[in-house]
Number of protein chains: 2
Amino acid sequence: MNDDSNPPELAKSTVDRIREGAAELFRERGYSGTTTRALSAVAGIEKASLYHHVGGKEDLLYELCVTTLEDVATVFQSALDDGTSPIETLELVARRYVERALVDRDRHATMLTEIRSLSSDRRAEVIARRDQNVAVVRGVIGQAQEAGLLRADIDAKYLTLALFNLLNWSIFWFDPSGDLEPKEIGQILWMIYVDGAVLKAPPARKGRGSRA
Amino acid sequence: MNDDSNPPELAKSTVDRIREGAAELFRERGYSGTTTRALSAVAGIEKASLYHHVGGKEDLLYELCVTTLEDVATVFQSALDDGTSPIETLELVARRYVERALVDRDRHATMLTEIRSLSSDRRAEVIARRDQNVAVVRGVIGQAQEAGLLRADIDAKYLTLALFNLLNWSIFWFDPSGDLEPKEIGQILWMIYVDGAVLKAPPARKGRGSRA
DNA sequence: GTCTATACACAGATAGAC
DNA sequence: GTCTATCTGTGTATAGAC
């Protein structure tokens with residue numbers, strides 16, 4: 001029963017149930033809208049028992065944000081390791097990032113929207129971590145521009161923001177029981193980021209169907 | 001002093017101060033994170049006086065959501081009225097929408113993120129209104145596809161979601177005191193939605209710098 | 001139309017037995 | 001490690017004077 005040589009995946013520890021339940025509730029109701037009563041209920045324990053495992057409600061949010069941003073950093077590093085050109089690296093960044101965010105939706109959505117609920121010290125630290133991740137992507141985009149692989153008429157800053165726009169909002173409408181898997185959504189969004197939504201004239205007569 | 005023949009724009013009514021303050025606080029702290037004390041403080045009155053002007057805290061959120069979605073519907077209708085082709089209509093939809101959302105950031109951000117805090121009846125009504133607005137855009141995108149103006153290898157559903165991805169997330173990083181105006185951000189995002197971020201080979205040799 | 005005072009529920013967190 | 005019981009602050013909302 002309380003033998004700690006559990007076979008893997010059979011039983012989750014109480015603290016893991018709390019963490020996963022917290023991510024789900026925070027995403028669904030927001031941090032302020034989630035009570036410690038709800039947190040304990042979803043973990044199957046009483047309110048008071050919660051404090052044996054975690055310091056408090058805010059600690060749960062802080063830990064969630066930090067670990068999630070570390071996961072993102074790991075994803076980005078893997079793209080840097082595997083990409084053989086700036087554009088391929090960027091493709092790996094985008095597709096692996098959105099796939100990870102959608103698969104681990106509760107934690108990523110919470111991290112993206114509830115940073116404001118952290119105390120100011122912790123908020124500053126978490127924002128710095130997030131900005132560091134964004135800076136990595138911006139670096140790749142800058143390299144791709146210099147290599148002539150990305151358009152140069154838009155500043156790297158806004159090419160970066162636009163990419164995160166395109167990827168991040170998916171977390172609000174993604175349906176795990178829907179018709180597309182996270183990987184497929186990443187593919188579609190990357191296609192649009194690369195070529196846009198407008199149908200280009202086939203390479204028959206002119207090079208591009210330019211407008212205006 | 002309490003003469004109600006005020007010249008326009010000199011003094012806002014108490015209920016307007018409450019509504020505007022509520023939008024700002026809801027965006028910054030979330031609905032659950034905003035107290036009636038804070039709402040009354042930002043309007044310059046005591047807590048109790050709040051209830052002379054509004055039914056309660058949730059009424060403020062509900063009214064904000066409904067009126068904001070009506071504003072969006074009006075913006076979309078103006079695009080339908082003014083556009084002379086599906087692609088021009090879509091451009092007007094996208095650029096006017098993002099401009100409106102960024103100029104009226106507090107209300108739009110709140111509507112986009114706090115619908116979950118409404119009671120279930122009101123939430124259903126508000127979501128229906130939102131879905132109706134999205135359906136209008138999807139209709140335009142479908143027409144543009146049929147006219148051969150938008151790529152057809154991605155379903156209209158996802159071309160629509162991708163467009164809203166690209167536009168909506170801007171509300172989280174837009175800085176009113178930043179270097180770009182809402183109109184310019186709309187222009188950049190529309191450029192990317194149309195042509196993508198990748199630099200196309202100039203129409204010299206081949207039609208497109210195709211990859212993979 | 002605004003105020004002071006307050007009702008009453010519920011929040012996060014703790015004490016101490018088992 | 002979990003429980004019952006409880007503390008204390010704060011939440012939304014109301015009563016009633018001015």
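For the numbers below, each heavy atom of this structure counts, side chains included, while hydrogens, waters and symmetry mates do not. Every chain is numbered from 1 and lettered A, B, ... according to where its sequence line falls, protein lines coming before strand lines.
Taking 4.0 angstrom as the limit, A:H52 places a side-chain polar atom (N or O) nearer than this to OP1 or OP2 of D:dG1. Contact annotation: A:Y51 side-chain N/O to C:dA13 OP1/OP2 distance is under 4.0 Å. Residue A:S49 has a polar side-chain atom (N or O) positioned under 4.0 Å from OP1 or OP2 of D:dC3. Listed pair A:R37 / C:dA11 meets the phosphate criterion, a side-chain N or O lying under 4.0 Å from OP1 or OP2.
Taking every side-chain heavy atom of A:A48 into account, D:dT4 is the closest of C:dG12, C:dT4, D:dT4. Taking only side-chain atoms of A:H53, from C-beta outward, the nucleotide of C:dA13, D:dG11, D:dT2 with the closest atom is D:dT2. For A:T36, whose side chain is taken as the heavy atoms from C-beta onward, the closest listed nucleotide among C:dC3, D:dA13, C:dG12 is C:dG12. Among the nucleotides D:dC3, D:dT2, C:dC3, the one closest to the side chain of A:E46 is D:dC3. Taking only side-chain atoms of A:I45, from C-beta outward, the nucleotide of C:dT2, D:dT2, C:dG12 with the closest atom is D:dT2.
When the C1' atom of D:dA13 is taken as reference, atom CG of B:L39 falls 13 Å away, rounded to whole Å. For the pair A:L50 CG and C:dA15 P, the interatomic distance rounds to 16 Å; values are reported in whole Å.
The base of C:dT6 sits within donor-acceptor range of the side chain of B:K47, with an N or O pair under 3.5 Å.
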B:T67 and B:R107: CA distance, side-chain angles, deciding distance, side chain to side chain donor-acceptor pair (under 3.5 Å) verdict: CA-CA 9 Å; B:T67 58; B:R107 289 171 69 239; 2.8 Å; yes

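Within 4.0 Å of A:T34, counting heavy atoms only, lie sugar-phosphate atoms of the nucleic acid but no base atom. Nucleic acid contact for B:T35: sugar-phosphate only, since backbone atoms but no base atoms lie under 4.0 Å from a heavy atom of the residue.
Mapping B:E58 and A:T14 onto DNA chain D by nearest heavy atom places A:T14 at the nucleotide closer to the 5' end.
Between A:E99 and A:R95 there is no salt bridge, since none of the side-chain N atoms of the basic residue sits less than 4.0 Å from a carboxylate O of the acidic one.
The salt bridge (Lys or Arg N to Asp or Glu O under 4.0 Å) check on A:E63 picks up A:R19, with sequence neighbours excluded.
Although no hydrogens or angles enter the test, the distance criterion places a donor-acceptor pair under 3.5 Å between the side chain of A:E88 and the main chain of A:T84.
Counting only N and O atoms by type, the side chains of B:N168 and B:Y97 include a donor and acceptor under 3.5 Å apart.
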